[in-house]
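Report on the structure given below.
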Amino acid sequence: MDVLPPMVMAAYYILVLSVTASMAVNDSIDLTQSISDGETLVSKGGMVDPINGNSGKLTLDNTVNLILNNNSSVVWSTISQREPQNPVAQLMDSGNLVVWNDGGAKSNDILWQSFDYPTDTYLKGMKTGKDLQNGLEWRLTSWKSVDDPSLGNFSWGLSLSDYPKFAIMNGTKKFSRIGPWNGLHFSGLPNLIPVSVVANQDKIYYSSISNNDSIISGVVINQTSKKYSRYAWVEKSQTWSVFESLPSDVCDNYGLCGAYGVCITPSAPICQCLKGFRPKSPEAWNTSNWAQGCVRNESLRCSDIGEGTGIADTTDGFSKFKGLKLPTPPTLHCGT
Ligand SMILES: *[C@@H]1O[C@H](CO)[C@@H](O)[C@H](O)[C@H]1NC(C)=O
Ligand SMILES: *[C@@H]1O[C@H](CO)[C@@H](O)[C@H](O)[C@H]1NC(C)=O
Ligand SMILES: *[C@@H]1O[C@H](CO)[C@@H](O)[C@H](O)[C@H]1NC(C)=O
Ligand SMILES: *[C@@H]1O[C@H](CO)[C@@H](O)[C@H](O)[C@H]1NC(C)=O
Ligand SMILES: *[C@@H]1O[C@H](CO)[C@@H](O)[C@H](O)[C@H]1NC(C)=O
Ligand SMILES: *[C@@H]1O[C@H](CO)[C@@H](O)[C@H](O)[C@H]1NC(C)=O
Ligand SMILES: *[C@@H]1O[C@H](CO)[C@@H](O)[C@H](O)[C@H]1NC(C)=O
Ligand SMILES: *[C@@H]1O[C@H](CO)[C@@H](O)[C@H](O)[C@H]1NC(C)=O
Ligand SMILES: *[C@@H]1O[C@H](CO)[C@@H](O)[C@H](O)[C@H]1NC(C)=O
């Protein structure tokens with residue numbers, strides 16, 4: 001795995017052309033400076049942000065912040081929600097391209113940062129989730145194909161449709177998802193131990209890459225492999241190695257077994273009906289088409305529960321199932 005882009009940024013996408021002679025300038029530019037073709041921004045620790053091409057030019061201005069020109073026409077720009085005062089754009093060692101207000105990092109006042117706009121790659125310091133106040137969404141979106149960086153159909157982020165959960169989406173359909181946060185890890189993805197999880201009225205996000213500087217890792221959503229994969233850099237072999245992927249097995253595919261079906265690996269067939277349920281369509285079930293799910297083999301006798309004598313009927317009750325990742329919080333309808 002040698003094509004994990006270590007610093008995939010918006011600007012980087014726009015002019016992906018051949019590398020010409022490069023001349024290091026600085027880790028930052030201010031209103032009076034610019035980066036032109038052949039020049040690079042180099043962070044203090046050596047992270048490089050090449051702006052390649054023939055007529056590319058990156059400048060800052062006092063109205064829209066960062067502007068990338070190609071032969072004098074604007075091909076990309078950033079907009080901050082506030083009016084900048086003496087902005088400075090700086091490439092950080094993390095790979096984050098930050099536009100600071102008030103002359104630089106010492107102001108600790110960020111006008112814009114590339115880490116708020118993830119592409120297909122997630123690096124240390126980035127978040128996944130949503131800022132509920134300003135609508136900003138930290139979501140990974142796959143490339144269209146291996147050599148086309150425009151937005152693909154696969155994405156990874158927070159889904160707020162019923163209750164908050166993280167999922168791989170194929171367009172607007174859930175493709176795979178991790179179970180709810182249980183306070184220690186996400187159910188169904190025990191190795192994903194987040195560095196931080198925040199959920200309040202303003203923001204819902206997690207940040208999952210270790211803060212340990214001796215471990216270099218990243219996450220990529222890939223439409224071609226149909227996977228969300230976590231990579232670690234192996235110093236010895238100088239390669240990226242995958243140490244975890246989602247879907248990790250066929251049961252991670254969302255809704256595979258339909259309502260009241262349960263997916264169990266290894267088993268044949270992998271989809272089974274819960275106790276007391278039978279396949280809705282036995283014919284479809286027999287051909288490994290499980291999407292229609294299962295139905296109750298006998299309807300609930302709600303009137304027997306807790307009424308009359310006050311003692312529940314012994315034929316209806318609850319069964320315990322362990323180790324299952326639930327699709328959505330279950331609802332039990334009685335008497336309707
Ligand atoms: C880099 O840019 C900063 C801010 O504009 C400036 O203060 C500093 O002198 C520059 N350093 C070099 C080596 O050009
Ligand atoms: C940049 O400009 C050149 C020539 O003006 C053009 O051929 C090229 O397609 C442009 N690139 C982008 C990314 O707009
Ligand atoms: C840049 O744009 C000018 C004016 O539109 C045009 O004349 C020139 O050929 C362009 N340069 C390149 C390298 O395409
Ligand atoms: C992406 O989604 C569009 C619209 O739903 C669809 O036409 C296209 O085939 C999809 N591409 C892939 C690779 O699934
Ligand atoms: C993604 O969705 C498109 C249509 O929306 C479908 O054609 C395609 O097969 C789906 N891809 C996967 C991997 O499920
Ligand atoms: C950081 O990772 C290295 C290599 O895996 C390990 O030896 C070290 O103990 C870790 N440090 C911390 C603070 O966890
Ligand atoms: C995506 O997956 C394809 C097929 O497995 C692979 O060739 C490609 O290198 C992957 N791209 C990234 C950025 O991981
Ligand atoms: C469904 O109910 C019938 C009749 O009570 C019983 O014979 C059958 O075994 C049940 N099937 C399942 C899948 O529970
Ligand atoms: C399902 O398959 C089993 C064994 O292959 C067969 O006995 C049964 O008749 C099939 N049922 C339906 C409804 O097709």
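Note that ligands are numbered from 1 as they come in the structure, with each ligand's atoms numbered from 1 the same way. Numbers here are sequence positions counted from 1.
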- Task: Identify which of Ser142, Ser225, Ser145 has a heavy atom lying nearest to atom 5 (O) of ligand 7.
- Result: Ser225

- Message: With a heavy-atom distance limit of 4.0 Å, tell me whether Tyr231 approaches ligand 7 through its side chain, its backbone, both, or neither.
- Response: side chain

- Message: Working note: Asp147 + Ser145, criterion side chain to side chain donor-acceptor pair (under 3.5 Å); need CA distance, chi angles, decisive distance, verdict.
- Response: CA-CA 5 Å; Asp147 55 5; Ser145 66; 3.2 Å; yes

- Report the C-alpha separation of Cys263 and Cys257 in whole Å, then their side-chain angles, then the decisive distance to 0.1 Å, and conclude whether the disulfide bond (SG atoms under 2.5 Å apart) test is met. CA-CA 6 Å; Cys263 189; Cys257 298; 4.1 Å; no

- Query: Could you go step by step and tell me if Trp143 and Asp148 meet the side-chain contact (heavy atoms from CB on, under 4.5 Å) rule?
  - Reply: CA-CA 6 Å; Trp143 287 22; Asp148 181 353; 6.0 Å; no

Nearest non-hydrogen protein atom, [atom]:
atom                   : value
atom 2 (O) of ligand 4 : Asn153 ND2, 2.4 Å
atom 4 (C) of ligand 5 : Lys173 NZ, 4.2 Å
atom 1 (C) of ligand 5 : Asn170 ND2, 1.5 Å

Look up [atom] and tell me if a protein heavy atom lies less than 4.0 Å from it?
atom                    : result
atom 7 (O) of ligand 4  : no
atom 14 (O) of ligand 4 : yes
atom 11 (N) of ligand 5 : yes

- Message: Checking Asn96 against Ser114: is there a side-chain donor and acceptor pair closer than 3.5 Å?
- Response: yes

- Task: Give the numbers and elements of all ligand 5 atoms closer than 4.0 Å to a heavy atom of Lys226.
- Result: 13 (C)

- Below 3.5 angstrom, do we get any N/O pair linking Asn222 and ligand 7? yes

- Around Gln201, counting heavy atoms of other residues, nucleotides and ligands shown, do more than 12 lie under 6.0 Å from its CD?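 Counting neighbours around CD of Gln201, 12 or fewer heavy atoms of other residues, nucleotides or ligands fall under 6.0 Å, so no.
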
- Exercise: identify the closest heavy-atom pair between Phe115 and Ser94: CZ-O, 3.4 Å

- Taking all non-hydrogen atoms of both residues, which atom of Leu97 and which atom of Trp112 are closest, and how far apart? O-CZ3, 3.5 Å

- Task: Please lay out, stage by stage, how Asp27 and Gln90 fare under the test side chain to side chain donor-acceptor pair (under 3.5 Å).
- Result: CA-CA 6 Å; Asp27 71 337; Gln90 185 179 17; 2.6 Å; yes

- Query: Is ligand 4 less than 4.0 angstrom away from at least one heavy atom of Gln223?
  - Reply: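 The answer is yes, since Gln223 has a heavy atom less than 4.0 Å from ligand 4.
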
